[in-house]
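These notes are about the structure you will find just below.
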Amino acid sequence: MDPMTQSAQISSSQGLADGQNSAAKESKLSDSFLSSSPVSLIQSPQVKDLIHWRDPKKSGLVFGVSMLLLLSLAAFSVISVASYLLLALLCVTITFRIYKSVIQAVQKSSDGHPFKTLIDKDVSIPPETFRKHVDTSLTYINRALKQMSRLFLVEDLVDSLKLAVVMWLFTYVGAVFNGITILILADILLFAVPPIYEKNKTQIDQYIDLVRTQVNTTMAKLQEKLPGAVKRSKTE
């Protein structure tokens with residue numbers, strides 16, 4: 001075989017292998033991103049049990065703590081809230097440490113440090129875990145940049161108009177609510193909507209399908225009339 005032909009075949013094989021490795025890596029990163037996304041987190045069994053109030057005590061505790069934290073952030077600055085929380089934690093650990101020391105002195109026992117198990121525990125982040133999360137974050141950032149470029153450079157006129165309408169609506173939302181208020185409402189809805197939806201699933205699904213059909217019909221008509229709009233195929 002001609003050496004040049006053989007070299008070309010080897011280069012082609014290496015290029016194909018590199019392409020397959022790159023695609024596999026990208027797919028792996030994509031799966032990692034999806035598995036760590038907020039949607040995947042909400043769909044996890046533990047979170048679903050929490051927001052569906054399977055264990056009322058646990059759900060009530062989480063809801064109460066989250067509401068208390070958000071209300072504190074609404075009344076005080078982030079620095080003040082963080083300082084008070086850390087100060088409270090420090091007061092608890094110092095008080096417990098002194099209490100155990102006094103008990104050991106009275107009983108003349110040698111139990112040692114009460115937090116020895118926690119002190120000896122390894123809390124360092126493994127390099128592999130750090131790199132994994134960095135790669136996942138990079139995948140998310142690249143997708144966001146690509147999506148922003150597509151929307152703001154008007155690759156699809158309908159999608160860009162949708163974004164414009166949403167941003168216009170958000171100007172009114174921002175005039176009425178601040179960020180903390182929206183987070184408080186989101187926290188209330190997160191713990192209130194799932195039980196209501198679970199009890200009235202059939203009726204709510206009917207209304208959602210009705211609204212979705214109406215929106216899709218309206219958007220299809222709008223997409224046909226707008227000049228230069230990129231028509232999507234139904235397979236997408």
Side-chain angles (χ1 to χ4, degrees), residues 14-55 58-74 76-90 92-93 115-153 155 159 162-163 166-167 170 174 178-191 193-194 236:
Q14 290 177 346
L16 181 60
D18 292 340
Q20 291 175 346
N21 291 334
S22 177
K25 184 178 180 181
E26 185 177 354
S27 175
K28 185 178 180 181
L29 290 177
S30 176
D31 294 341
S32 177
F33 164 74
L34 291 173
S35 63
S36 61
S37 63
V39 175
S40 176
L41 180 63
I42 292 176
Q43 291 177 348
S44 65
Q46 295 84 356
V47 177
K48 287 181 71 174
D49 290 344
L50 199 64
I51 62 179
H52 282 87
W53 296 80
R54 303 282 189 249
D55 186 348
K58 186 184 295 184
S59 299
L61 178 63
V62 173
F63 177 65
V65 170
S66 61
M67 281 298 298
L68 179 62
L69 179 61
L70 291 173
L71 291 173
S72 300
L73 290 173
F76 305 100
S77 66
V78 177
I79 295 175
S80 297
V81 173
S83 300
Y84 279 122
L85 287 175
L86 294 176
L87 182 61
L89 177 63
L90 196 57
V92 170
T93 54
F115 299 120
K116 189 176 187 308
T117 305
L118 297 175
I119 292 173
D120 294 339
K121 190 175 181 179
D122 185 16
V123 295
S124 60
I125 302 175
E128 296 79 11
T129 304
F130 180 78
R131 282 193 292 267
K132 177 184 176 182
H133 287 292
V134 169
D135 291 340
T136 303
S137 302
L138 186 61
T139 303
Y140 172 78
I141 293 171
N142 288 336
R143 288 187 178 185
L145 290 174
K146 186 176 181 180
Q147 188 71 2
M148 288 175 61
S149 173
R150 192 179 72 83
L151 291 171
F152 285 98
L153 297 180
E155 180 182 330
D159 283 346
K162 287 180 186 177
L163 178 64
V166 171
M167 292 298 103
F170 274 156
N178 58 25
I180 293 297
T181 306
I182 293 175
L183 288 176
I184 292 173
L185 292 175
D187 190 38
I188 295 173
L189 292 175
L190 181 64
F191 282 89
V193 171
E236 289 182 342

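Counting begins at 1 with the first residue of the sequence.
- Environment of CG in L87: crowded, with over 12 heavy atoms of neighbouring residues, nucleotides or ligands closer than 6.0 Å.
- Within the 3.5 Å criterion, the main-chain N or O of L145 finds no donor-acceptor partner in the side chain of S149.
- Residue H52 comes nearest to K48 through the heavy atom pair ND1-O, 2.8 Å, listed as atom of the first residue, atom of the second, then distance.
- In this view, N142 and L138 satisfy the side-chain contact (heavy atoms from CB on, under 4.5 Å) rule, not counting sequence neighbours.
- W53 places a side-chain N or O within 3.5 Å of a backbone atom of F191 that can act as its donor or acceptor partner.
- Residues meeting the side-chain contact (heavy atoms from CB on, under 4.5 Å) test with E128, sequence neighbours left out: P126, R131.
- Here T93 pairs with L89, L90, F115 under the side-chain contact (heavy atoms from CB on, under 4.5 Å) rule; sequence neighbours left out.
- By the side chain to side chain donor-acceptor pair (under 3.5 Å) test, S124 pairs with D122, sequence neighbours left out.
- Taking all atoms of both residues into account, the shortest heavy-atom contact from I184 to A74 is CD1-CB, 4.5 Å.
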Expected list for residues 58-72: side-chain donor-acceptor pairs under 3.5 angstrom, two or more places apart:
residue : atom : partner : partner atom : Å
S59     : OG   : L50     : O            : 2.6
S59     : OG   : D55     : O            : 3.3
S66     : OG   : V62     : O            : 3.0
S66     : OG   : F63     : O            : 2.9
S66     : OG   : D187    : OD1          : 3.4
S66     : OG   : D187    : OD2          : 2.8
S72     : OG   : L68     : O            : 2.7

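- In this structure, CD on Q46 lies 13.0 Å from CZ on R54, to the nearest 0.5 angstrom.
- Residues forming a salt bridge (Lys or Arg N to Asp or Glu O under 4.0 Å) with D120 (at least two apart in sequence, or on another chain): K116.
- Distance check, rounded to the nearest 0.5 Å: CG of D159 to CZ of F152 gives 12.5 Å.
- Checked against side-chain contact (heavy atoms from CB on, under 4.5 Å), S77 has the following partners two or more places apart in sequence or in another chain: I79, S80.
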